[in-house]
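Heads up, the thing below is written out as structure tokens.
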Amino acid sequence: MKSKKLQETMNNQIQAELYSAYLYLAMSIDCQSKNLKGFANWLNVQYQEETMHAMKLLAYMQERGAQVELQAIQAPPSKFGTPVEIFEQVLKHELHVTELIHNLYAVAIEEKDYAAQMFLQWYVNEQVEEEASASEVLEKLKMVEGNNGALFFIDQELAARTYTPPADTQE
Ligand code: OFO
């Protein structure tokens, strides 16, 4: 990969994905401590997805002979509030990550790196799903706010989520 700017922006994105992983892991720990085990599971799966997002970028950079430089990852908060507040933060964070991905894609265009553009389309699509899954849970939670019985059922539903690595990252 020739462009230093693109390498730098990809390195920044690896950091952002690892921070996302860290953030969702912290949210998962917070939910577990509140006995919201299904929420904790959903967020733990999200943590695994984010780690995969970082590793997929890292492997791509290595494949292209780019210089991978890992950066410091800041500590996430440890308390996130109610389930509605948690998912508001998840959605807000995903909207922010979408902006970062769009910016990275724009750099690949600016630097005329056509291969990177093809590769990054996966992330552009993935962000559509990331936003949709966060919104779906948030909307459900808003509908049942204050109803603990309904919250229990949502918790059970979220307990069923499992992590499936994308086909190209499976061994
Ligand atoms: Fe990696 O998509 Fe969420 O942050």
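As the structure lists them, so they are numbered: ligands from 1, and atoms in each ligand from 1.
- For Q89 (side chain) and F80 (main-chain N/O), a donor-acceptor pair under 3.5 Å exists by modelled atom type.
- For ligand 1, residues of the protein lying within 4.0 angstrom by heavy-atom distance are E17, S20, E50, H53, E94, V97, Q127, E130.
- Following chains of ILVMFWY side-chain contacts shorter than 4.5 Å, one cannot reach F153 starting from L158, and the two form parts of different hydrophobic clusters.
- Side chain of Q15 to main chain of L70: no donor-acceptor pair is present (N/O by atom type, distance under 3.5 Å, no hydrogens or angles).
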Where do R64 and Q7 land on the side chain to side chain donor-acceptor pair (under 3.5 Å) test, with the steps shown first? CA-CA 10 Å; R64 295 280 311 274; Q7 290 185 44; over 6 Å; no
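- Aromatic ring centres of W42 and F87: separated by under 6.0 Å.
- Under the 30°/60° scheme for interplanar angles, the aromatic rings of Y60 and F119 are found to lie parallel.
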